[in-house]
Amino acid sequence: MSLGRFYRGSVVGLALGLLTLVLAGTAAAQSSSLYSGGTGEARPLTLVNSSWTYQPPIPPREIKLHDLITVVVDEKSQVISEGSVDRKKKADGTLTLKDWIVLKGVKQVVPAPMRNGDPTMAGKVDNKYRADSELETREAMKFRMAAEVVDIRPNGILVLEGRQMLRANEEVWEISLSGTARPEDILPNNTVLSENLADKRIFKREKGHVVDGYQRGWLLKWLDHYQPF
């Protein structure tokens with residue numbers, strides 16, 4: 001191998017080394033951090049770009065007219081009222097008639113003679129009334145029933161109505177429900193809680209031997225309403 005060929009090979013190798021160093025200095029390094037992308041730029045950490053087990057949520061179902069939605073009714077109410085009345089009334093009075101008149105003829109009026117003295121009337125009133133009352137009521141209603149979307153308002157509010165009748169021999173239960181709900185209050189399992197209904201109206205009526213056994217008659221209802229005694 002000649003000396004000139006050796007020098008030419010050394011110069012070429014040196015030039016290639018310098019070119020490699022220049023290209024390495026301008027290349028961008030990759031980052032394995034979750035907080036940055038492949039170019040080293042920072043990015044927000046979210047479940048979509050960082051979790052291996054993330055599953056996107058199921059988009060809400062579009063609710064249309066005449067669709068059926070299950071209403072979960074769970075209503076509870078409690079009322080506590082206490083009252084006390086203590087009233088006393090006393091009155092003493094004496095009335096005496098000093099003068100009176102007598103008509104004689106058509107135009108003549110004369111004083112009446114008081115031969116037996118002045119008429120006198122005396123009275124005394126002593127009234128006492130005391131009453132203590134206490135009222136505590138608790139009511140609960142819990143059931144599920146399907147309601148129909150009878151209208152969808154321009155702002156998206158759903159109008160729901162539902163009716164149900166159950167009959168077992170001579171026992172009959174009738175239930176009706178109506179109200180309005182927002183589409184976002186409809187849960188993924190196609191149910192809505194009664195507490196999320198506006199303009200809510202729930203009617204429940206029973207017929208049969210059970211109700212006849214404890215309901216009041218018309219006379220007792222009249223007495224309780226007017227309380228004549």
Side-chain angles (χ1 to χ4, degrees), residues 47-48 51 53-87 128-229:
L47 288 176
V48 177
S51 176
T53 59
Y54 171 76
Q55 295 292 334
I58 300 175
R61 180 178 62 89
E62 182 183 359
I63 300 176
K64 301 179 180 179
L65 198 64
H66 303 302
D67 282 354
L68 296 180
I69 297 175
T70 302
V71 180
V72 181
V73 179
D74 189 1
E75 300 291 332
K76 296 179 182 179
S77 64
Q78 181 177 0
V79 178
I80 299 177
S81 177
E82 296 181 359
S84 179
V85 177
D86 191 356
R87 183 178 63 189
K128 295 181 180 180
Y129 176 76
R130 183 174 182 179
D132 294 327
S133 61
E134 181 177 351
L135 173 65
E136 181 176 355
T137 61
R138 295 179 182 178
E139 298 179 358
M141 182 180 295
K142 187 175 183 179
F143 61 90
R144 297 164 63 101
M145 68 176 299
E148 180 184 0
V149 180
V150 297
D151 188 20
I152 301 179
R153 295 178 179 174
N155 59 354
I157 297 298
L158 308 175
V159 181
L160 305 177
E161 287 186 2
R163 294 178 180 82
Q164 179 176 290
M165 185 181 71
L166 302 176
R167 184 182 184 95
N169 297 328
E170 296 184 4
E171 304 298 324
V172 180
W173 296 270
E174 296 180 3
I175 303 174
S176 62
L177 179 147
S178 64
T180 59
R182 300 176 300 179
E184 55 266 27
D185 291 331
I186 308 300
L187 301 179
N189 60 352
N190 198 40
T191 62
V192 60
L193 302 179
S194 62
E195 62 186 22
N196 294 328
L197 296 181
D199 298 331
K200 177 174 48 184
R201 296 183 180 181
I202 301 175
F203 297 95
K204 184 174 182 292
R205 184 173 59 178
E206 300 179 13
K207 296 180 181 179
H209 290 299
V210 178
V211 179
D212 295 341
Y214 65 80
Q215 71 177 357
R216 298 174 300 167
W218 65 269
L219 181 57
L220 185 58
K221 291 181 181 179
W222 184 85
L223 293 175
D224 291 340
H225 180 75
Y226 294 101
Q227 297 183 1
F229 305 108

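Worth saying up front: this structure is predicted, and the values here are computed from it rather than measured.
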Quiz item: If we only count heavy atoms from C-beta on, is the Thr191 to Val71 side-chain gap below 4.5 Å?
Solution: no
Quiz prompt | Candidates Arg167, Met165, Lys204 - the one meeting side-chain contact (heavy atoms from CB on, under 4.5 Å) with Glu174 | solution = Met165
Exercise. Identify the residue among Arg205, Gln164, Met141 that makes a side-chain contact (heavy atoms from CB on, under 4.5 Å) with Ile175.
Key: Gln164
Exercise. Any pair with a residue in residues 141-159 that passes side-chain hydrogen bond (donor to acceptor under 3.5 Å, both in side chains), sequence neighbours left out, goes on the list, sorted by first then second residue, please.
Key: His66-Glu148
Quiz item: Is it the case that more than 12 heavy atoms not belonging to Asn169 sit under 6.0 Å from its CG atom?
Solution: no
Quiz item: What pair of heavy atoms forms the shortest contact from Glu171 to Gly208, and how long is it?
Solution: OE1-CA, 3.5 Å
Exercise. Could you pull out the closest heavy-atom pair between Ser84 and Asp132, with the gap in Å?
Key: OG-OD1, 2.9 Å
Quiz item: So which heavy atom on Leu197 is nearest to which on Leu177, and how close?
Solution: CD1-CD2, 4.3 Å
Exercise. Start with the C-alpha gap between Val72 and Leu187, add the side-chain angles, then the distance that decides, and say whether side chain to side chain contact (heavy atoms under 4.5 Å, CB included) holds.
Key: CA-CA 11 Å; Val72 181; Leu187 301 179; over 6 Å; no
Quiz item: Taking only residues two or more places apart in sequence or in another chain, which ones pass salt bridge (Lys or Arg N to Asp or Glu O under 4.0 Å) with Glu136?
Solution: Arg138
Quiz prompt | Gap between atom CD1 of Ile186 and atom CG of Leu160 - 0.5 Å precision | solution = 6.0 Å
Quiz item: Any salt bridge between Asp185 and Arg182, counting N to O under 4.0 Å?
Solution: yes
Exercise. Test side chain to side chain contact (heavy atoms under 4.5 Å, CB included) on Leu166 and Val172 and set out the steps.
Key: CA-CA 6 Å; Leu166 302 176; Val172 180; over 6 Å; no
Quiz item: Taking atom CD of Gln78 as the centre, does the number of heavy atoms from other residues, nucleotides or ligands within less than 6.0 Å exceed 12?
Solution: yes
Quiz item: Heavy atoms, side chains only, cut-off 4.5 Å: are Asn190 and Ile69 in contact?
Solution: yes
Quiz item: OG1 of Thr180 to CG of Asn196: how many Å apart, nearest 0.5 Å?
Solution: 11.0 Å
Quiz item: If every non-hydrogen atom of Pro183 is compared with every non-hydrogen atom of Gly156, which pair is closest and at what distance?
Solution: CG-O, 3.1 Å
Exercise. Enumerate the residue pairs fulfilling salt bridge (Lys or Arg N to Asp or Glu O under 4.0 Å) with a member in residues 191-203, sequence neighbours excluded, ordered by first and then second residue.
Key: Glu75-Lys200
